[in-house]
Amino acid sequence: KLITRETGQSGLKQFLGQVQELLKLRNTWMVLVFGFCSFPVLMNWTASEMIMPPFLERNFGEQTPIYTVQSINLFGCLIMPPIIGIITASNETFSVVELCRVAL
C-alpha cells in the first residue's frame with residue numbers, strides 16, 4: 001500500500017496529539033523534574049568515583065584498600081534504595097525527594 005501525503009499528515013497529527021496528551025499527565029512532569037534534579041547528583045557521583053582512588057592513594061599510601069572502600073559505596077547503593085523505599089512508601093513522591101535532598 002502506498003503512503004500518500006494525506007496519511008502522512010494525519011499520522012503526524014495523531015503523533016502530535018499523543019505527545020500533547022502525554023505532556024498533560026502529572027506523572028510525566030514528575031519524571032522529567034526528577035530526572036533534571038537528579039542529574040547534578042549523578043555528575044557529582046561520577047566525578048567522586050574517578051577522583052577517590054587517587055585521593056586515597058595519595059593521602060593514605062599504596063597499601064590502602066581503595067576498591068574495598070569504593071565497594072562500600074556500591075553496596076550501599078544496592079541495599080539502601082529498597083529499604084528507603086519501604087520506609088517512605090506511604091509518603092508523596094516529591095516530599096521524599098525533598099527529604100533525601102536535605103539529607104545530602
Side-chain angles (χ1 to χ4, degrees):
K1 187 175 180 179
L2 293 174
I3 299 174
T4 62
R5 188 176 191 146
E6 292 83 29
T7 58
Q9 287 179 348
S10 67
L12 180 62
K13 285 181 183 180
Q14 184 180 8
F15 171 74
L16 292 175
Q18 290 174 353
V19 169
Q20 186 179 17
E21 290 298 317
L22 182 66
L23 292 176
K24 289 179 183 178
L25 297 174
R26 181 173 187 260
N27 288 340
T28 301
W29 290 103
M30 287 175 61
V31 168
L32 288 173
V33 168
F34 181 77
F36 286 122
C37 290
S38 62
F39 182 74
V41 174
L42 168 76
M43 295 308 297
N44 189 6
W45 204 310
T46 303
S48 70
E49 290 289 323
M50 291 185 297
I51 294 170
M52 189 166 59
F55 170 79
L56 291 174
E57 186 176 332
R58 194 173 321 128
N59 287 321
F60 302 110
E62 293 182 3
Q63 300 303 319
T64 305
I66 294 170
Y67 296 103
T68 304
V69 173
Q70 239 178 349
S71 68
I72 293 170
N73 187 22
L74 177 62
F75 185 71
C77 293
L78 291 173
I79 299 300
M80 292 305 289
I83 294 170
I84 300 298
I86 291 168
I87 293 170
T88 61
S90 62
N91 296 358
E92 211 270 328
T93 307
F94 277 114
S95 66
V96 173
V97 171
E98 182 65 22
L99 173 69
C100 293
R101 187 185 67 80
V102 170
L104 293 175

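We're numbering straight along the sequence, starting at 1. Being a predicted model, the structure only gives us computed values, none of them experimental.
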Leu25: side chain to side chain contact (heavy atoms under 4.5 Å, CB included) partners, not counting sequence neighbours: Leu22, Thr28
Could you state the interatomic distance from CD (Gln20) to NZ (Lys13), rounded to the nearest 0.5 Å? 13.0 Å
What pairs with Glu62 under salt bridge (Lys or Arg N to Asp or Glu O under 4.0 Å), at least two apart in sequence or on another chain? none
When the side chains of residues 74-81 are checked against the rest of the protein, which donor-acceptor pairs come out under 3.5 Å, sequence neighbours left out?
none

Going by side chain to side chain contact (heavy atoms under 4.5 Å, CB included), name the residues that satisfy it together with Ser38, two or more places apart in sequence or in a different chain. Phe34
Residues at least two apart in sequence or cross-chain that pass side chain to side chain contact (heavy atoms under 4.5 Å, CB included) with Leu42, listed by chain then number, are Phe39, Thr46
Residue list, side chain to side chain contact (heavy atoms under 4.5 Å, CB included) with Phe55, at least two apart or on another chain: Asn59
Gap separating the CG atom of Leu23 from the CG atom of Leu32, nearest 0.5 angstrom: 8.0 Å
